[in-house]
Amino acid sequence: MYNSEIAKIFHEIALYLEMDNIPFKPQAYEKAAENLEILSEDIAEIYKSGGFEALEKISGIGKSMAEKIEEYLKKGKVKELEILKKKIPVDLEALISVEGIGPRKVKTLYQKLKIKNLSDLEKAARDHKIAPLDGFGEKTEQNILEGIEFLKRDKGRFLLGEIEPVVEEVIGKIKKIKEVKMISPAGSVRRKKETIGDVDILVSIKKTSQPAVAKAMAGKVMDFFVSLPGVVKIWGKGMTKSSVRMAGGFDMDIRVVPEKSFGSALQYFSGSKEHNIILRKIAIDKGLKLSEYGLFKGSKMIAGENEEGIYKKLGLKWIPPELRENSGEIEAALKNKLPKLVEPKDIFGDLHVHSNWNGGEDSMEELAQTAMKMGYEYIGISDHTKFLRIENGLDEKKLHERNKEIDKINSKFKIKNSKFRILKGCEANIMPDGSIDIDNKALSELDYVIAGVHSQLRMTKEEMTNRIIKAMENPHVDIISHPTGRIIKQREEYEFDFDKILEVARETKTVLEINSFPNRLDLKDTNIRKAKKAGVKMIINTDSHTKRTFPLMKYGISQARRGWAEKGDIINCWPVEKMKSFLKKS
DNA sequence: GCCGTTTTCGGCCCGACTGTTTTCAGTCG
């Protein structure tokens, strides 16, 4: 896809222009880059069918940028960027990823010290060559070294699943301070992004007419925050904002805001930046001004205590944080057409659970007991099949035995007058040729069949696409587990044609899994949205090998929400009979 | 550089903090 390549080029041009302090042009390039990223059609196709004029019609693209796109499509490069790069030949993307370093500092560092990349930067900082430069200093030099360390470890982003439990604990503790009125996470934690750069927490303190008292209360919160267990470094501590590094290696910021501005601050710090820019523009169009302090008409504050009020005054329905990425949610809110997103209470059960029959931790009965306690109506046991020897995969005979055991447990439930049921499933392996590693007769004894790719992940795009298609065409296969195969921060998704998979999934009524494991979250949000649009049904599963990971379901749910999924899109939000009849493909 | 029933010229989102300064540039969200 050329879109993201060209977006990257425009992004880089923007950075170079910022280096020279050129006003407004950088934003224009950033804007264009962003529009290209979210454009669903292929830019090369647009050019092929509509020519230069079609390029100019794309929002944010004018004559000059259309020329650059044309140039790139024809020659594979953009001369203007080549010239800029020649002037300051540095690894811009890497250098600005260091906290506190921006394009202007990159320029100075190159001109004074010939720093081109991260290792140059690290060496210069270690040799104390940076502190003497104009505009730099001891502190900056130290921050650079720490910033580089941070980057080296985990590329500076953390899984939501690692971060959120810590955030919840911290919030729980701060909540207990009696001066605290409201508290909420903000930023990407609140939007439930799959990875988190740093954490923002927002606090309001109880109303008082005396500024000195307010100050003392804020001070108390700040003192408490920076002395929390788990804080390893204090970056800064003030009356309105403090910032710390946690033992987990990530940073956490807290802000104290007045009660009357809590909603506007929450809105503002929840982002995304792109979402907020549009909101501010809407405010301006209405003759208003929106900031973290409130929504103002002249000097009069007309909203700010809560988010709903702000959105309402701007003519919008309140938008769930998971949607705030400027990817159509504002338009939808204007037309009152926001989706009714799936919620934890909508989930009836989990169909991707491994028992001790295939090397999992817990017996089927224990798993069922835990699921019942969570309020589920059913649980599906989907043990691995024989190809996965390392996971103790079951062969036809073992699978049959296991099924009989499930019948036994289910009849016990019946005696106890419980509605709860264990469903018989498996997670079969999709072989490189697309066949399933266990025979159809064994599969036909099951309530449902999950199939997944677990081996030989490196194939050509065509081979992998055909492999998965063939599996979906098996009349017994109901669900494809972790369909893209990615592991966040470890492994890219495999090469395959997702659009084609969607087509066949719809035709064969195959369900695609949203795997809830924090390092999988597969499908990812953009895939989910595509699937929904294509009319393909999905299921949110945990892929648990122990009852302890049942609660991870919430990450799958938030991922589904980020993908605009509603109850109707997710089959484990349906009553069990409806779900079962949908699964029976043949 | 882009955009436009307020405009083909004059606007582009806003504010705070840090580290460097001694009034502010750069970065960040």
Side-chain angles (χ1 to χ4, degrees), chain A residues 10 13-35 55-69 80 95-109 130-144 146-147 156 186-191 193 196-202 234-243 251 253-257 261 264-296 314 324 326:
Chain A
F10 284 173
I13 291 177
L15 291 172
Y16 271 109
L17 295 172
E18 270 177 48
M19 239 180 222
D20 291 331
N21 237 356
I22 293 166
F24 304 115
K25 283 195 197 184
Q27 289 98 302
Y29 276 100
E30 287 291 2
K31 179 83 211 163
E34 197 187 299
N35 287 345
L55 295 178
E56 272 190 298
K57 283 212 182 86
I58 301 167
S59 165
I61 309 286
K63 183 164 171 285
S64 164
M65 290 197 213
E67 278 171 7
K68 291 187 177 72
I69 294 173
E80 182 165 334
L95 289 170
I96 61 162
S97 65
V98 178
E99 188 83 3
I101 301 284
R104 311 263 311 139
K105 283 207 164 90
V106 169
K107 185 181 181 185
T108 310
L109 289 166
I130 290 177
L133 296 178
D134 268 354
F136 292 75
E138 285 296 330
K139 194 93 191 213
T140 310
E141 188 169 87
Q142 196 51 39
N143 285 343
I144 286 173
E146 287 177 20
S188 46
V189 174
R190 185 158 180 250
R191 299 203 312 283
K193 276 196 76 166
I196 305 296
D198 55 19
V199 177
D200 289 301
I201 294 175
L202 214 58
I234 299 167
W235 295 119
K237 179 171 172 258
M239 274 303 142
T240 60
K241 182 188 168 183
S242 294
S243 182
D251 290 345
D253 292 353
I254 193 169
R255 290 164 207 273
V256 174
V257 299
S261 301
S264 45
L266 184 60
Q267 193 290 315
Y268 178 78
F269 288 110
S270 293
S272 68
K273 195 178 165 195
E274 291 73 22
H275 176 91
N276 286 353
I277 287 173
I278 308 292
L279 241 48
R280 287 190 181 210
K281 282 185 182 155
I282 292 176
I284 290 168
D285 288 346
K286 291 184 182 291
L288 308 172
K289 193 183 77 167
L290 177 63
S291 76
E292 60 261 53
Y293 298 108
L295 183 62
F296 293 90
L314 294 176
R324 299 183 193 169
N326 186 27

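Residue numbers begin at 1 in each chain, while the letters A, B, ... track the order of the sequences.
- Using a 4.0 Å heavy-atom cutoff across all strands shown, Ser243(A) reaches no nucleic acid atom at all.
- Between the P atoms of dT21(B) and dG26(B), the separation comes to 13 Å (whole Å).
- Within 4.0 Å of Leu279(A), counting heavy atoms only, lies no atom of the nucleic acid at all.
- Side-chain contact between Asp20(A) and Lys107(A) is present, with at least one heavy-atom pair separated by less than 4.5 Å.
- Straight-line distance between the P atoms of dT20(B) and dG15(B): roughly 26 Å, to the nearest whole Å.
- With contacts defined as side-chain heavy-atom distances shorter than 4.5 Å, the pair Asn21(A)/Arg104(A) qualifies.
- Using P as the reference atom, dG1(B) and dT5(B) are 23 Å apart when rounded to the nearest Å.
- The distance from the CG atom of Leu295(A) to the NZ atom of Lys289(A) is 10.5 Å, given to the nearest 0.5 Å.
- At a threshold of 4.0 angstrom between heavy atoms, the contacts of Lys105(A) are confined to the sugar-phosphate backbone, with no base atom among them.
- Of the two residues near DNA chain B, Ile96(A) and Arg280(A), the one whose nearest nucleotide lies more 5' is Arg280(A).
- Between dT18(B) and dT23(B), the distance separating the two C1' atoms is 15 Å to the nearest Å.
- In this structure, Leu290(A) CG and Asn276(A) CG are separated by 7.5 Å, a value rounded to the nearest 0.5 Å.
- A distance of 7.0 Å separates CD1 of Ile61(A) from CG of Asn35(A), quoted to the nearest 0.5 Å.
- The backbone N or O of Arg324(A) sits less than 3.5 Å from a side-chain atom of Ser272(A), completing a donor-acceptor pair.
- Comparing dC12(B) with dT6(B), their P atoms sit 16 Å apart, to the nearest whole Å.
- With hydrogens and angles ignored, the 3.5 Å screen pairs no side-chain donor or acceptor of Thr240(A) with any backbone N or O of Val256(A).
- As rounded to the nearest Å, dT8(B) and dC3(B) have C1' atoms that lie 10 Å from one another.
- Distance check: Ile196(A) CD1 to Asp251(A) CG gives 13.0 Å after rounding to the nearest 0.5 Å.
- Counting 5' to 3', DNA chain B first comes under 4.0 angstrom of a heavy atom of chain A and last does so at the ends given by dG1(B) to dG29(B).
- Within a heavy-atom distance below 4.0 Å of DNA chain B, the residues of residues 284-292 of chain A found are Ile284(A), Lys289(A).
- Summary of the strand contacts: Glu56(A) and Gly135(A) both lie near DNA chain B, and taking for each the nucleotide with the nearest heavy atom, the more 5' one is attributed to Glu56(A).
- Pairing for dA16(B) is with dT27(B), a Watson-Crick or G-U wobble pair whose two hydrogen-bonding atom distances lie under 3.5 Å.
- Here the side chain of Glu141(A) pairs a donor or acceptor atom with the backbone of Ile130(A) at under 3.5 angstrom.
- Within a heavy-atom distance below 4.0 Å of DNA chain B, the residues of residues 20-32 of chain A found are Asn21(A), Phe24(A), Lys25(A), Ala28(A), Tyr29(A).
- With hydrogens and angles disregarded, a donor-acceptor distance shorter than 3.5 Å links the side chain of Arg191(A) to the backbone of Ser270(A).
- In this structure, CD1 on Ile69(A) lies 4.5 Å from CZ on Phe10(A), to the nearest 0.5 angstrom.
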